[in-house]
There are 2 protein chains.
Amino acid sequence: MTKIQVYDTTLRDGTQGEGIAFSLADKLKIVKLLDELGVAYIEAGIPASNPKDAELFEKIAKIELKNAKIAAFGSTHRIGVPVEEDSGVKALIEADTPVITIFGKAWDLHVKEVFNAELNENLDIISETIEYIKTFGKEVIFDAEHFFDGYKHNKEYALSVLNAAKGAGADIICLCDTNGATFPDEVSKIVAEVTDFVKDTKIAIHCHNDIGVAVSNTLMGVFSGATQVQGTMNGFGERCGNANLCTIIPNLQLKRGYDLVPPESLKKLRSISRHIYELANIVPDERKPYVGSMAFTHKGGMHIDAVLKNPKTFEHISPEYVGNERKLLMSEMSGRSMVYEIIKKIEPKTEKDSPIITDVLEEIKILEKNGYQFEGAEGSLELMVLKKLGYYKPQFALEQFKVIAAAPASSHYTATAMIKILVDDAAEVTAAEGEGPVNALDKALRKALYRFYPELKNSRLIDFKVRVLDGSNSGTAALTRVLMESTDGKTSWSTVGVSEDILEASWKALVDSIDYYLLHTKREQE
Amino acid sequence: MTKIQVYDTTLRDGTQGEGIAFSLADKLKIVKLLDELGVAYIEAGIPASNPKDAELFEKIAKIELKNAKIAAFGSTHRIGVPVEEDSGVKALIEADTPVITIFGKAWDLHVKEVFNAELNENLDIISETIEYIKTFGKEVIFDAEHFFDGYKHNKEYALSVLNAAKGAGADIICLCDTNGATFPDEVSKIVAEVTDFVKDTKIAIHCHNDIGVAVSNTLMGVFSGATQVQGTMNGFGERCGNANLCTIIPNLQLKRGYDLVPPESLKKLRSISRHIYELANIVPDERKPYVGSMAFTHKGGMHIDAVLKNPKTFEHISPEYVGNERKLLMSEMSGRSMVYEIIKKIEPKTEKDSPIITDVLEEIKILEKNGYQFEGAEGSLELMVLKKLGYYKPQFALEQFKVIAAAPASSHYTATAMIKILVDDAAEVTAAEGEGPVNALDKALRKALYRFYPELKNSRLIDFKVRVLDGSNSGTAALTRVLMESTDGKTSWSTVGVSEDILEASWKALVDSIDYYLLHTKREQE
């Protein structure tokens, strides 16, 4: 089996996409997810771009990775600045990663019109930058920006750029279709010519989707000799996106016999894809190959009959290979083992085929139909399992609340919440002001509970995400999912609530967050 | 220029997609839109499937078409029923269309396991059905279902199916990749062999997107000799969808010199694509090539500079060719040249060094520090520029609002909003109930404004995104950014609001949305 390296650039090129931004904590989570998937390289960011990314590289260095090497991304040194004094190059070295990816211009139009440089000057800059970085013992990947356009416009020059990179010691040369408008038949021909030209240097392929063929171009690149594929999870990226690794990996591995990731991790593909959608706060595209909820959905009665007779009739692979399922939102594979893991924590003696697992899975299916999602809401999932096991006891009951918001506001605060709760038989009535209705209600609830549970003062919300589901129809009354992340300073847990009313959805997630914390502190004390 | 026929099956195969359904009126509108786009064939439906489709064909017969021929779709006659007595075939004839498309099985697995027929029996059924329909003087297109899987499994049989169709008089033979999992290199090779095999009969190609390569496969089919492309608008269709005509048409026509539709109608591509999304009630995928709002969007400051110097640097075509436009995303990184582009739209005479540009940039910096983001909120950005230019006049003023939310709720609705607004000197006081505080306030504001601006009834929110901004540790009181997208059915615009109070942030985005719409409708009337 030919080995193909997967080079993920979700955290760098992916974030060029409109509306895609990750916090530092999100980025660290994504690094772990990608490593779990088994990619060979993770391009984590541009150390020179801002202090946040410098901190990122420090934090990443502390993560123990099983499969991936971390790459830092940057450009060749600036014109007129000696390479050893270039701040961008300095930042790359200081990022302290085993791999550095350098992009340089391969299209003469760009060299002249954007870079304002002579063609030879550009070659020198590429050589100098790579040679300098190699003295630090780094693995260097050279991204030939706009390679295909350059090749079509001035083949000789484009090839001389590759030669310069190779001569300077680049370990891998990546051919980029930066504008994403090269056709598959062209990629096929050009990559074959290039692999022949560069001979013993590894070739990578990096495609964009502006004419809808990024996946195909990547495949054609591999069939013509490229041994590394660059892309992003879910195809995130500028304009129409980058080549989608969630499609490329199973295409090459399941159907053409290449070796990209450990076979067992392919089964996590759908769940990792969704987790990253969730962190990006982007609604998953359910029509996406392999990982979308509609990818193995059958509508026509005739098709359903045929699939039940023999799945091969209308299914190109067994959906389980990529952790997907026919018509179901949550994958049976990842769901079952996930649920089993949680149950085992509570009831260590549970067997793998215990009926309680099926029970919980059934409940999850129903809740998911109603807009819930438990990937990224493990706190709520655990509470649900506790309820099924009969171990759940609510820590308080709501008698009623009323929230008033007004503009202009009568005080600094824009909203007031009144609340009455019961703990066992004791009632507590209180009120609090806040920044808007959700905050006022949050504060009032905590205030009411402190009397009974003073330990609650150690917990607080650190993240609060709102996702409007199915936004097509009803605007501000659309089904809304709220994800909350809470911490007590040591660990963190996340909970979920769903409702057409954003306040009600927040309330549900909030109650789960508090319940989860109180149950856990009690368990620890026992 | 080689002529390539476009065969659209949005109304038939497209409606197999999950969540896609059209009313009779919608279907008639789509027929007109497709004819305006200039497709050669419109597959309107299956006359045998239900009475609605029979009525559809009656109504379509009355439409005067400039470019397209209507096709009715159906299967070969049933086993054991003489062709002239088969109700499906009868319905096809009665639909009274110039073209009839018949699908038959080309994969031996399907013939045996789904059809429960002998291989020869299937060939006879195909011949008899086509021969019979030809006696009515119809143009017949034969869809060889699962052709590529059949060819790979039993080449001889798959080719004998084509031979049967050709021998019976089929005018066009269509090779279908029904399960959507054939690779572009395979399509290339197989279509070349088939065109050589069938010789003088026209070959069509019909692809599905299960491995993300439907567009590429269609292109490869054409490069290997197919002269008809079958697909759907926006790639609608079962599972991962059909080959997307909105990508295929410009790919072949603008970049490879084929002749598919009248050049002037290509400029309507984006607007027709969006109109069909609207009729399907599906949120447009803004990342789609050519027609998506992000297809020509630039975010990185470096990219923006380059595009403004020479659009070719990061744009593969001029967006106007397909009726789209360039979008430059606002962010701290971006330079003054970008702000200039926006101001020029409003004040064409503005100079490049006008102080107004610096003013706007300063304001953007301040707002971005406070959590605003104008990327994806062009509506609010334009309003901000209008304010700076002194062209902005508020369309109404808020006197006050009060929102009450309660649990348990006293009615189906969980919140009530009271509002008082002023338009010039006239006041309006009203109230509305809603699903939560944001929805109630949204409804109350619109209700209050309808008296003054009845045109507002044409606009509605289609998306509502809430993002809790990073770097804050204050949970439900964290700075919150609300992005809203609104539509009047023709265009869409997005607006933004920021506040620690989610209700206030929503209110700001809502006011901008309404202001933007009212100002634009006024400007159009002038």
Side-chain angles (χ1 to χ4, degrees), chain A residues 16 18-19 23 110 113-114 179 181 184-185 210-213 215-216 223 238-241 247 251 281 287 289 294-295 297 299-300 306 309-310 313-314 316 401-408 414 435-439 442 460-462 464-466 468 471-472 475-477 500-504, chain B residues 16 18 110 113-114 179 181 184-185 210-213 215-216 223 238-241 247 251 281 283 287 289 294-295 297 299-300 306 309-310 313-314 316 376 401-407 414 435-439 442 460-464 466-468 470 473 475-477 500-504:
Chain A
Q16 292 290 312
E18 186 174 345
S23 69
H110 265 262
E113 294 199 16
V114 182
N179 285 9
D185 56 338
D210 295 75
I211 64 166
V213 300
V215 165
S216 294
F223 301 156
E238 195 161 25
R239 304 185 308 269
C240 307
T247 311
N251 272 354
N281 203 9
R287 292 176 180 83
M294 297 183 188
T297 290
K299 186 175 176 185
K309 278 181 188 164
N310 180 350
T313 52
F314 285 98
H316 64 99
F401 70 67
K402 187 164 280 187
V403 183
I404 298 175
T414 53
E435 307 282 4
V438 180
N439 182 236
D442 175 19
R460 61 190 168 84
L461 294 183
I462 45 173
F464 172 67
K465 275 183 183 165
V466 184
V468 179
S472 54
T476 49
E500 284 172 343
D501 171 357
I502 193 171
L503 186 63
E504 193 182 31
Chain B
Q16 292 291 310
E18 191 175 335
H110 264 262
E113 293 199 17
V114 182
N179 286 9
D185 56 337
D210 294 74
I211 64 166
V213 300
V215 165
S216 293
F223 301 156
E238 195 161 26
R239 306 184 308 269
C240 307
T247 311
N251 271 355
N281 202 8
V283 181
R287 293 175 181 84
M294 299 184 188
T297 289
K299 184 175 176 183
K309 277 182 189 160
N310 179 351
T313 52
F314 285 97
H316 64 99
F401 69 66
K402 188 164 280 188
V403 183
I404 299 176
T414 53
E435 308 281 6
V438 180
N439 182 236
D442 174 19
R460 63 190 169 87
L461 293 184
I462 45 174
D463 203 3
F464 172 66
V466 183
R467 182 164 288 242
V468 178
D470 227 50
N473 274 339
T476 50
E500 284 172 345
D501 171 357
I502 194 173
L503 187 62
E504 193 182 32

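Sequence lines set the chain letters: A, B, ... in the order given, protein chains first and strands last, and positions in each chain run from 1. Hydrogens, waters and symmetry mates play no part in the numbers below; they use all other heavy atoms, side chains included.
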Does any backbone or side-chain atom of B/Phe223 lie under 4.5 Å from a heavy atom of chain A? Answer side chain, backbone, both or neither. side chain
Flag the pair B/Thr414 / A/Leu503 as yes when at least one side-chain heavy-atom distance between them is below 4.5 Å, and no otherwise. no
Over all heavy atoms of both residues, which pair between A/Glu113 and B/Lys309 is shortest? Give the atoms and the distance, please. O-CD, 3.5 Å
Winner by heavy-atom pair count (cut-off under 4.5 Å) against chain A, out of B/Ala406, B/Cys240, B/Pro184, B/Ala181: B/Cys240
If you compare all heavy atoms of A/Gly212 against all heavy atoms of B/Pro289, which two are closest, and at what distance to 0.1 Å? N-CG, 3.5 Å
Minimal non-hydrogen separation, B/Asp501 against A/Gly436, with atom names: OD1-CA, 2.9 Å
Top residue by heavy-atom pair count (under 4.5 Å) with chain A, among B/Val213, B/Asn310, B/Asn251? B/Asn251
Top of A/Lys402, A/His110, A/Glu504 for chain B proximity - count of heavy-atom pairs under 4.5 angstrom: A/His110
Can you name the nearest heavy-atom pair linking A/Ile211 to B/His316, along with the distance? CG2-CE1, 3.6 Å
Within the structure provided, determine whether A/Asn439 and B/Glu500 are in side-chain contact (heavy-atom separation under 4.5 Å). no
Do you know the tightest heavy-atom contact between A/Pro437 and B/Pro437? CG-CG, 4.1 Å
Give me the atom names and distance for the closest heavy-atom approach of A/Glu238 to B/Thr297. CG-O, 4.0 Å
Contacting region of A/Phe401 [heavy-atom separation from chain B under 4.5 Å]: both
Per-residue contact mode, B/Thr313 against chain A (heavy atom under 4.5 angstrom): both
Which of B/Ile502, B/Val215, B/Ile404, B/Thr247 touches chain A most, by non-hydrogen pairs under 4.5 Å: B/Ile404
